[in-house]
Amino acid sequence: MERINFQVIEKKWQDKFAKKTLNNKSGPKFYCLEMFPYPSGKIHMGHVRNYTIGDVIARYKFLNGYNVLHPMGWDAFGLPAENASKQNNLHPKVWTEKNIGTMKNQLKMLGLSIDWDLEVSTCDKEYYKHQQEIFIDFYKAGLVSKKETYVNWDPVEKTVLANEQVINGKGWRSNADVERKKMSQWFFNITKFSDELLSHLDSLEGWPEKVKLMQKNWIGKSLGCEIRFEVKGEKENINIFTTRPDTIFGATFIALSVDHPLSKKFNNIKSFSTFKSECNKTGTTEEALANAEKVGFDSKLFAKHPFIKNKLIPIYFANFVLMDYGSGAIFGCPAHDQRDFDFAKKYNLEIIRVVSNKKDNEKLLEAYTGDGILINSEFLNNLTVEKAKKLIIDEIEKKKIGKKKIQYRLKDWGISRQRYWGCPIPMIYLEDGSVVPVDKSELPVELPDKINLNTNGNPLDSHPTWKNTLQKSTGMKAVRETDTLDTFVDSSWYYLRFCSPKHKSSPFDEKKINYWMPVDQYIGGVEHAILHLLYSRFFTKGLKKCNSNLKFNEPFKNLFTQGMVCHETYKDKKGNWLYPEQIQKVNDKKAFKINDKSEVIIGAPESMSKSKKNTVDPETMINKYGADSVRLFILSDSPPEKDIQWSDVGVASSNKFLQRIWDLNNSVLKRKEVNTDQILESKFVNKINNYIKRIDESVKNFRLNVSVALFYEVFRFFKENLQSKISNKVLSENMVKIMKLMIPFTPHLSYECLEMFKCKNVDKWPKIDLSSISEEIKLAIQVNGKTRDILLMEKDLDIKKINKLVIERSKAAKYLKDKNITKTIFVKNKIVNYII
RNA sequence: GCCCUCGUGGUGAAAUUGGUAGACACAAAGGACUUAAAAUCCUUGCCCUUUUGGGAGUGCCAGUUCGAGUCUGGCCGAGGGCACCA
């Protein structure tokens, strides 16, 4: 048989795909979007999986008559470009554009149905110009503010670090101890939409429950109340937020953040400022916080208990109280909060039980946080926790010392970055001290081409002239904001730009986005479950606030999160990681190093990463096996939402399968006509249609690994019938149907085969046509619930006929002989169960 | 610590509403073809039995049911999210 020449075939069809879109003007719209990539250099297997899954959906919808939008672009701003630039002495722009060129070619090699006319790159000034417009609109709508906040500060590099760049409390590059530093930063006031971001999750029926739950936890709504405590001998009060107002009678101390307004009185006291700086030295990472001991500073001040006359409770400053949650103050109830308990033990504070756990006489060894009946709590006694909460809030409101309150964990989104390769924040600081947006007619605020990146801190700030400007309307001297926007801003609205990527006058054409939006299917990694998806949802809500003509509330109607691509790991005897191409496998457990034949230790499969050297280059694989084989393999074996293990043997076997399909197509074309048997033909057609139905359902439900398994089955079945008494016409017609089913998976081969069959209406999903002849079914025969035989029979037989068949033909008969059948359970076309 | 998800052969995994467990594939062993190899194809897969056949079996223990991978309760294990969050 002729070998399939995939290089030639794939090139031929890719040229055709380049000139074709998935537009079906008359059909309903379908916006299929995959998360766009960061142009880091080359595509990796994760991209291959993401974009192949997306391509299957886009092509499937197109074949089913939808008007499909399937764009692609580049998340092109970001720090790696600056780092690469310092290393290679290449301008970030040049480096980025080079990578885009490479990766675009690689994506084309995969045979994706991308409409490249819609391509968008976030570092393009035509893109970030509109982003600056949105920023100004948001600013005018009160969704932007500048405020002081704590950041991860690297004292050596003199820059802010993202949380991911802080490893064990140290800067990832400088290895210096990261400090918490207060800095003035620009923020998007995402918390203004806390409630909507939470409640609208319920409308996202097409999102994985897992992702919705993660967002819900992240937003972190908690119900409670605020209570005002008077401080003895001071004018200032302390406001405290609590979710456990029922435990107020167990309150034995108050703890404040070192940044609480009351701390001003202590700033001149040396021991306090030492304490405060110690607190700030603690990093903001989880590890640092978990390891940090709970320590306090006794203020020697006392607060008046709001419900117990003449009772005074001590006030401490404590390192575990955060200024940016609630009001930076808590009341401690040691008996019912573990952290308070630890603190009280350390400083010998009073512990009063107020919720009974039926072991009230035993010594308290840890805080009791469960439910129970209130004790030692005056008018709350004998109430449940829930009822006590209600009553105490009523009392607090009656006494006017506080009120019911909803608190969110969600914080505003800090968007300032002290970096060059990002979108400049379009704000200017005027001579007279005011801070105003750049006039819209002056946009874009462009990045300067010439830049020295080897500066301490922000390169734009060190630029000799860039930041000096004038306000257009007044001619007043001004200084530009030199921070750039977090790159998550770039990706928060790109899906809108794709609807009208060349629109000049505004970020998007209203008509276009109201037609295409929301995205019908969004596909990407679960690692974006919170940040990117939450930010995008915020942007949609923000834009809607600025422009009431927008007709959608949420950007992504259906979300699919695909799993990662994993690969075995290899190490030599010294423990150094090895690339797959450096080793030779003997069998599953044994391998050796190619250059010196030394032993190699095979490790567990882990997600592909450069540091573990367990990566496989997609382009190499495409060149070796062809894009269709790579696509087919990445969809086989594992369900798309789960991790998949890459294996070269696996892709090779996909390749062999495609070769068999190719051979089979050729065999059908060259087949000599035979005498036909009508019944056999009908059965054949029926079975093929049954497969079409199952494949259609599996694609619809994202069970693409099952689709692939069904392809194996249907081709095996087809091959078995190649010599049967079935006409060439019927065989050809059905082969065409199967090849159409495969278009979304292996577009090159499918279109090539369809062309060989001179198929018209290529881009039409086959109709399911279950012919009238009844199919044979398998019926399970059970006795007392145990399957004793399986009988092949006509469909839809009644129980009487089946009883007869069982006695005559089945192996179950011997179990029923001379037995009294007390009950018969019969499920049509499935099972019959005799109870004896 | 809190919340969520998942446990099926040597491996990745299938299994509409509870109704044939292990489809499909990888790996392995044996065999066919071949002078040989590659490629291709076939068979096998836990326990007992020479075979026919029978038994056990979806992490463990119980329960509901004619019937449980699927439903309920408890336990064990793995993965993920959140966390000085008041």
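Proteins get letters first, then strands, A, B, ... in listed order; numbering begins at 1 in each.
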Side-chain donor/acceptor of [X] to base of [N], under 3.5 Å:
X        : N     : value
A:Asn217 : B:C82 : no
A:Lys656 : B:U40 : no
A:Lys210 : B:C4  : no

I want to verify a distance call: between [options], whose nearest atom is closest to the [X] side chain?
X        : options             : result
A:Lys642 : B:U20, B:G19, B:A13 : B:A13
A:Tyr815 : B:A13, B:U20, B:G54 : B:G54
A:Glu713 : B:A86, B:A23, B:C26 : B:A23
A:Lys411 : B:C85, B:A13, B:C82 : B:C85
A:Asn833 : B:A25, B:A86, B:C66 : B:C66

[atom1] atoms of [N] and [M], separation to the nearest Å:
N     : M     : atom1 : result
B:A13 : B:C82 : P     : 24 Å
B:G19 : B:C24 : C1'   : 22 Å
B:G69 : B:G22 : P     : 12 Å
B:C26 : B:G80 : C1'   : 27 Å
B:C2  : B:C75 : P     : 12 Å
B:U11 : B:A27 : C1'   : 7 Å
B:A21 : B:G67 : C1'   : 14 Å
B:A56 : B:U8  : C1'   : 15 Å

Check your understanding: Any idea if B:G9 is syn or anti, going by the 90°-from-0 cut?
Key ->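 Syn conformation here, the glycosidic angle of B:G9 being no more than 90° from 0.
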Watson-Crick or G-U wobble partner of [N], both distances under 3.5 Å:
N     : result
B:G57 : none
B:U5  : B:A78
B:U17 : none

Check your understanding: Expressed in angstrom and rounded to an integer, what is the separation of A:Asp663 atom CG from B:A39 atom P?
Key ->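 In whole Å, B:A39 P lies 16 Å from A:Asp663 CG.
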Review point. Can you tell me how far P of B:G19 sits from CG of A:Leu779, to the nearest Å?
Key: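 Rounding to the nearest Å, CG of A:Leu779 and P of B:G19 are 15 Å apart.
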Check your understanding: What about the rings of A:Phe343 and A:Phe320, do their centers lie closer together than 6.0 Å?
Key -> yes
Point to revise | N/O donor-acceptor pair under 3.5 Å between A:Ser263 side chain and A:Val258 backbone | key: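 Present.
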Exercise for review: Please confirm whether the backbone N or O of A:Tyr368 pairs with a side-chain atom of A:His336, one donor and one acceptor, at under 3.5 Å?
Suggested key: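 Answer holds: yes.
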Point to revise | Pair A:Glu209 + A:Lys212: basic N to acidic O under 4.0 Å | key: yes
Exercise for review: May I ask you to decide whether A:Lys276 forms a salt bridge with A:Asp259, counting only side-chain N to carboxylate O separations under 4.0 Å?
Suggested key: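 Salt bridge: yes.
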